[in-house]
Amino acid sequence: MSNYLQDLNTEQQKAVIQINGAIMVIAGAGSGKTRVLTYKIAHLLKNGIRPFNILALTFTNKASKEMRGRIDKIVGGELSKSLWIGTFHSVFSRILRSESEKLGYPTNFTIYDTADSKSLTRSIIKDLQLDKEVYKVGTIQNRISSLKNNFITPQGYNNHPELLQTDTKAKRTEFGRIYHLYQQRCFKSGAMDFDDLLLNTYKLLTEFPEALYKYQNTFEYILVDEYQDTNHLQYLIIKKLAARNENICVVGDDAQSIYAFRGANIKNILNFKIDYPDYKLYKLEQNYRSTKNIVKTANSLIKHNEKQIEKDVWTENKEGESIIICETATDNDEGKLVANTINGLLSDENYNDFAILYRTNAQSRALEESLRKMGMPYKIYGGLSFYQRKEIKDLLSYFRMVINPKDEEALKRTINYPARGIGATTIQKLLITSNENNISIWEVISEIEKYNIKVNSGTKIKLESYVTLIKSFRSQSEEKDAYDLAEHITKSSGLYSLLKSDTSPEGVSRFENIQELLSGMQDFTKNYDGDSTPILSEFMKDVALLTDTDNEKKEDFNKVTLMTIHASKGLEFPYVFVVGMEEGLFPSMMSGNSQSDLEEERRLFYVAITRAEKRLFLSHSNIRFKWGQYIDSDASRFLSELDQRYVSKKNFVKSNTTEISPQKIFAKTKNNYKKTYPAKGFKKISNTNHNIQRSDLTKLKNGQLVKHEKFGTGKIINLEGEGGNKKATVFFNGIGNKQLLLKFAKLEILK
DNA sequence: TCTTCATAGTTTTTT
DNA sequence: ACTATGAAGA
């Protein structure tokens, strides 16, 4: 234990023992990055730095938990307990809980998750009566988020000609108003979204010198993991906090930067040199994780990226086996192949030695099915998380109303669920009044007499009884513990009986989820180690920041892991399968536009490859079931970028396990354009000459007469887009112009 | 006001 | 295939 430094190589040691100053560690995949961070923190503690003066920021909750655990093992649990370790969001939400009043927020502010933000944006677009084709919720939401992450306020936006011009061009002239209203309505709801947690932290540090002073002094030593994935706002916060002591250590790998789409900014690495000219750079290049073949394959791939920091990852590990590339006929075959291969390798390995990685969550289905058929245990990460399920969000919304009744999204979810006869029209009226007076809906309905709302007396009584219900919950929030109150709310709100009465399989599972949440709360209450009663607000503090990966169950230990590549960052497995190596899927067709997007996809593949310790299997399928159709797919360009010396190819296309008739498989055209096949069991739509229509649509020309099931006869007046995204503008008699996506539109070509 | 049915749009990755 | 929305019926 005292010789913990011996576990490190020379370069790692150097990075660990330098206590003061600015340090950047560029760490290749599998080079012991986490080890350096944990040992470094342990080293700081050994040298008398007090744990509450150390701030370590990680990318996921899981990573922070793991890091704390590892530090425990070196220095003992007591010391590690008071370290500030967590994700940016969790650490800063903790700080904001005690400082938010300075910014005008209540200390019990709600954290809006993505669904809440989206719903609020939708509501604003509706209120402003904007065209939701032009103002797409997702696009607007992304834009708001990216502005916030660059510290551009609504005012800042209005003074930014370039940004204004972008929106004018896109005919979204009202964007600024939406953004402004979004912020306003979050604020009056006492709510912060994910981005606000960072934004308000930065505001706190810039506008309140005493707060800045306090936290600069608290955080004598700052360490940041996955630095390549930090965004501009995170950069600003770190810089601010470190400005006093300048003891900052960032660890990252530019080759593994895979969150640019979310605003991660690779410039942060470059800026580091400028901000801390005396910084020390350490490069960890020895890989301890993978075989030579795997390391070399990964290197040969990433070489194709132009933008990168020079480094040479190598390993002393043995050669290992070749990387296997498999071609299969269908995605189901791919699933079977993976399951069979795992089965073959299983002899003395455990299920948890295997991971199946994919680009999109939707791909998990076929894999799940084959694993299930083989009777193999597996666990899936991602997809719809527990906390995002409707029934859980519904119940949590009641809890949120207890903590902070101004929470508009929670109110909208609970006010008429279970149904109380308070419909959309009433809610709309309330919303208008609340917006006019710049107060929350709760304030309107709890003093309904004060506001002249045109609802009939029956509705008014219903509203009053809702208020009484919530108030009765609130009055118990300080005395009852979280579990008791939660159980009480579940029953008195009517949710319990409503869900119990639904005996459909989905209904039963919803009911079980509620019970699972409650039993989780029971555990929380029992195991609470604070001084006071574990009340509901204590439980609710971080719920919005939790994800499924955070509470891994014991029974999930020995299972095959299925997850997206993004989710696999930081993990390692002896055997890794990367499936769906196909053009349009990986690289994703959304990234086809720019060089930088493509480079990010390539880095993503690099991450996937470097998860493997012993063996790596890459597979692609000729036909994939997607959007209710079979789609032809070509092998990913990334496969041909790999150094072929380390790769061996297998072909499973002629396998007789295929469920599709041979004609269809070999009907694949030589040209590259996608040809689709009707899916089996695709009953209703394909009653007419569905097939013929589809393939002919690629030959559409301007002026062509077409027939649409609903709109009747029309004329093509414009065509745009490529391949699967080809869009046609059609003029229909008596209806006008319609934009139709060819892949969905049921158009018939007329002579 | 609530429920049901039909249809239109959608799928990249996540704290 | 799935979800979200909107219109029509109860």
Side-chain angles (χ1 to χ4, degrees), chain A residues 57-64 86-93 111-115 117-119 122 126 132-133 136-138 142 145 149 193-198 226 229-231 233-234 258-264 357-363 365 381-385 387-388 390 416-427 455-456 458-459 462 542 544-550 563-569 580 584-592 597 600-601 603-604 607-608 625-629 679 681-682 684-685 709-710 724-725 738-741 743-746:
Chain A
L57 296 166
T58 62
F59 196 69
T60 61
N61 292 310
K62 197 179 174 192
S64 65
T87 62
F88 280 85
H89 292 85
S90 72
V91 167
F92 296 140
S93 81
I111 300 174
Y112 274 180
D113 68 13
T114 338
S117 304
K118 227 174 156 182
S119 145
R122 189 175 292 122
K126 208 171 171 183
K132 53 184 182 182
E133 292 301 304
K136 292 213 167 112
V137 182
N142 283 340
S145 172
N149 282 313
D193 67 12
F194 286 145
D195 305 318
D196 285 333
L197 293 175
L198 305 177
E226 310 282 11
D229 286 324
T230 51
N231 63 36
L233 192 48
Q234 289 167 329
I258 54 174
Y259 283 95
F261 74 93
R262 206 170 89 186
L357 308 180
Y358 35 77
R359 179 71 237 276
T360 66
N361 279 308
Q363 288 166 258
R365 287 202 162 204
Y381 291 100
L384 198 56
S385 101
Y387 296 98
Q388 288 167 347
K390 184 185 175 304
N416 198 33
Y417 186 80
R420 300 191 174 87
I422 306 171
T425 6
T426 309
I427 295 171
V455 291
N456 58 41
T459 311
K462 288 172 191 162
D542 294 326
L545 301 173
L546 292 180
T547 54
D548 277 0
T549 25
D550 297 336
M563 56 168 66
T564 63
I565 303 167
H566 281 90
S568 77
K569 192 171 78 162
L585 186 60
F586 195 16
S588 155
M589 64 177 177
M590 313 297 267
S591 71
D597 285 352
E600 174 146 316
E601 294 284 307
R603 291 193 295 269
L604 190 58
V607 168
F625 191 66
K626 202 178 178 185
W627 299 326
Q629 299 177 333
F682 213 71
K684 283 179 190 164
I685 299 169
E709 264 187 7
K710 200 175 140 216
N725 286 321
K738 288 273 167 196
Q739 292 229 324
L740 303 166
L741 259 182
K743 90 181 137 179
F744 295 121
K746 285 158 241 155

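Residue numbers start from 1 in every chain, and the chains themselves are labelled A, B, ... in the order their sequence lines are given, proteins ahead of strands.
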Have a look at [X] and say if it touches a base, only the backbone sugar-phosphate, or nothing, with a 4.0 Å heavy-atom cut-off.
X	result
A:I422	sugar-phosphate
A:D113	nothing
A:Y259	sugar-phosphate
A:K569	nothing
A:S90	nothing

Roughly, in whole Å, what's the span from [atom1] in [X] to [atom2] in [N]?
X	N	atom1	atom2	result
A:Y358	B:dT11	OH	P	18 Å
A:F625	C:dC2	CZ	P	9 Å
A:E226	B:dT14	CD	P	14 Å
A:R365	C:dA1	CZ	C1'	7 Å
A:L198	B:dT15	CG	C1'	9 Å
A:Y112	B:dT15	OH	C1'	18 Å
A:N149	B:dT14	CG	C1'	12 Å
A:E600	B:dT13	CD	P	13 Å

For a quick test of reading the model, state the closest non-hydrogen atom pair linking [X] to [Y] and the distance between them.
X	Y	value
A:T58	A:A63	CB-CB, 4.1 Å
A:L604	A:R359	CD2-NE, 3.2 Å
A:Y112	A:S117	CB-OG, 4.2 Å

Of the candidate nucleotides [options], which contains the atom at the shortest distance from the side chain of [X]?
X	options	answer
A:A419	B:dC2, B:dT14, B:dT15	B:dC2
A:T425	B:dT1, B:dT14, B:dT15	B:dT1
A:R359	B:dT15, B:dT13, C:dA1	B:dT13
A:E601	B:dC2, B:dT15, B:dT12	B:dT12
A:S588	B:dT15, B:dT12, B:dT14	B:dT12
A:T426	B:dT14, B:dT1, B:dT15	B:dT1
A:A362	B:dT11, B:dT14, C:dC2	B:dT11

Tell me whether [X] contacts the main-chain N or O of [Y] through its side chain, where contact means a donor paired with an acceptor under 3.5 Å.
X	Y	answer
A:Q234	A:F88	no
A:N61	A:L545	yes
A:H566	A:I258	yes
A:N416	A:I422	yes

* Centre of A:Y417's six-membered ring, under 6.0 Å away, within 45 degrees of the axis: is that where NZ or CZ of A:K390 sits? ->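 Yes, A:K390 lies over the aromatic ring of A:Y417.
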Detail all sub-3.5 Å separations between protein N/O atoms and N/O atoms belonging to nucleotides 4-7 of chain C.
| from | atom 1 | to | atom 2 | distance (Å) |
| --- | --- | --- | --- | --- |
| C:dT5 | OP1 | A:R122 | NE | 2.7 |
| C:dT5 | O3' | A:K132 | NZ | 3.1 |
| C:dG6 | OP1 | A:K132 | NZ | 3.0 |

* Pair A:Q363-A:F586, side chain to side chain contact (heavy atoms under 4.5 Å, CB included): steps then yes or no -> CA-CA 12 Å; A:Q363 288 166 258; A:F586 195 16; over 6 Å; no
* Asked: Are A:F59 and B:dT15 stacked, counting the six-membered base ring, centres under 5.5 Å, planes under 30°?
  ->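 No, A:F59 does not stack on the base of B:dT15.
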* More 5' along DNA chain B: A:K118 or A:F88, using each one's nearest nucleotide? ->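 Closer to the 5' end of DNA chain B: A:K118.
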* Asked: Hey, which of these two, A:R420 or A:D195, hits DNA chain B nearer its 5' end, going by closest nucleotide?
  ->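 Closer to the 5' end of DNA chain B: A:R420.
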* Over 12 non-hydrogen atoms of neighbours within 6.0 angstrom of CZ in A:R365 ->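 Open: at most 12 neighbouring heavy atoms sit under 6.0 Å from CZ of A:R365.
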Please determine whether a side-chain nitrogen or oxygen atom of [X] lies at a distance below 4.0 Å from atom OP1 or OP2 of [N].
X	N	result
A:N361	B:dT13	yes
A:N416	B:dC2	yes
A:T564	B:dT12	no

* About how many Å separate CG of A:L57 and CZ of A:F92, when rounded to the nearest 0.5 Å? -> 5.0 Å
Detail all sub-3.5 Å separations between protein N/O atoms and N/O atoms belonging to nucleotides 8-10 of chain C.
none

* To do: In whole angstrom, give me the gap between the P atoms of B:dT13 and C:dA4.
  => 15 Å
